[in-house]
Amino acid sequence: QVQLVESGGGLVQAGGSLRLSCAASGSIFSINVMGWYRQAPGKQRELVATITSGGITNDADSVKGRFTISRDNAKNTVFLQMKSLKPEDTAVYYCYAEAAIRRWSFRTDYWGQGTQVTVSS
């Protein structure tokens, strides 16, 4: 099993910044993709950004130019630097990882417990 633990959420004013972190631990052979999704009240979970082990990123249009995803492969950690935050960014942010727990196994999706980000006007 792979565990994902997020940190860095909180309350911030519009225009401010936050940095989210997520560390993966447990039985891990490899992690291909890590990323962030978010879910606002009454809304479906949506992609924020992903990053491959090779550093290829994919950002949602709503956050391009404001959010930056990065990762430390050696520490199995992914980060989300959020700048110019808007009230509409308010949501629970979930860490995601596509990982294999042993050699020759299929990759499986794993999710963190979520961390609340609240942006006030």
Legend entry - CG on N76 to OG on S25, rounded to 0.5 Å: 9.0 Å
Legend entry - Heavy-atom closest contact (L18 atom, Q81 atom, distance): O-NE2, 3.5 Å
Inset, instruction - Any pair with a residue in residues 14-118 that passes disulfide (SG to SG under 2.5 Å), sequence neighbours left out, goes on the list, sorted by first then second residue, please. - result: C22-C95
Inset, instruction - Rounded to the nearest 0.5 Å, what's the gap from NZ on K75 to OG on S21? Could you check? - result: 10.5 Å
Inset, instruction - Taking the side chain as every heavy atom from C-beta outward, state whether R38 and S62 have any atom pair closer than 4.5 Å. - result: yes
Legend entry - Nearest-0.5 Å distance, CD1 of residue I69 to CG of residue D59: 7.0 Å
Inset, instruction - Working to the nearest 0.5 Å, report the span between CD1 of I31 and OG1 of T77. - result: 8.5 Å
Inset, instruction - Not counting sequence neighbours, list each pair that qualifies as a disulfide (SG to SG under 2.5 Å) and has a residue in residues 35-83. - result: none
Legend entry - Summary of side-chain hydrogen bond (donor to acceptor under 3.5 Å, both in side chains) pairs that have at least one residue in residues 112-121, sequence neighbours excluded: E6-Q113, Q116-T118
Legend entry - Partners passing ring pair (Phe, Tyr, Trp, His ring centres under 6.0 Å) against Y96 (at least two apart in sequence or in another chain): Y37, W111
Inset, instruction - Count the heavy atoms belonging to other residues, nucleotides or ligands that lie under 6.0 Å from CD of Q44, then report whether that count exceeds 12. - result: no
Legend entry - Residues T52, T57; criterion side-chain contact (heavy atoms from CB on, under 4.5 Å); working and verdict: CA-CA 7 Å; T52 71; T57 61; over 6 Å; no
Inset, instruction - Return the minimal non-hydrogen interatomic distance between A24 and V2, and the atom names on each side. - result: CB-CG1, 4.3 Å
Inset, instruction - Please test T68 against R19 for side-chain contact (heavy atoms from CB on, under 4.5 Å), starting from the C-alpha separation and ending with a verdict. - result: CA-CA 9 Å; T68 301; R19 188 182 191 232; over 6 Å; no
Legend entry - Partner residues of R66 under the salt bridge (charged side-chain N to carboxylate O under 4.0 Å, His left out) criterion, sequence neighbours left out: D89
Inset, instruction - Would you please test F67 and L80 for side-chain contact (heavy atoms from CB on, under 4.5 Å) and show each step? - result: CA-CA 7 Å; F67 292 8; L80 185 68; 4.1 Å; yes
Legend entry - R45 to Y94, cation-pi by 6.0 Å centre distance and 45° axis angle: yes
Legend entry - Flag, side chain of T90 to backbone of V119, donor-acceptor distance under 3.5 Å: yes
Legend entry - Same apolar cluster: L47 and W36, side chain cutoff 4.5 Å: no
Legend entry - N73 side chain vs S53 backbone, donor-acceptor pair below 3.5 Å: yes
Inset, instruction - Under the side chain to side chain contact (heavy atoms under 4.5 Å, CB included) rule, collect the residues that match up with T108, sequence neighbours excluded. - result: Y110
Inset, instruction - Output the distance between atom OG (S70) and atom CD1 (I51), rounded to the nearest 0.5 Å. - result: 6.0 Å
Inset, instruction - Spell out, yes or no, whether M34 and F79 are grouped together once hydrophobic residues are joined by side-chain heavy atoms under 4.5 Å, including indirect joins. - result: no
Inset, instruction - Might you point out which heavy atoms bring A91 and A40 nearest each other, and give the distance in Å? - result: CB-N, 3.8 Å
Inset, instruction - Verify side-chain contact (heavy atoms from CB on, under 4.5 Å) between M82 and L20, making sure each step is shown before the conclusion. - result: CA-CA 8 Å; M82 304 185 292; L20 305 183; 3.8 Å; yes
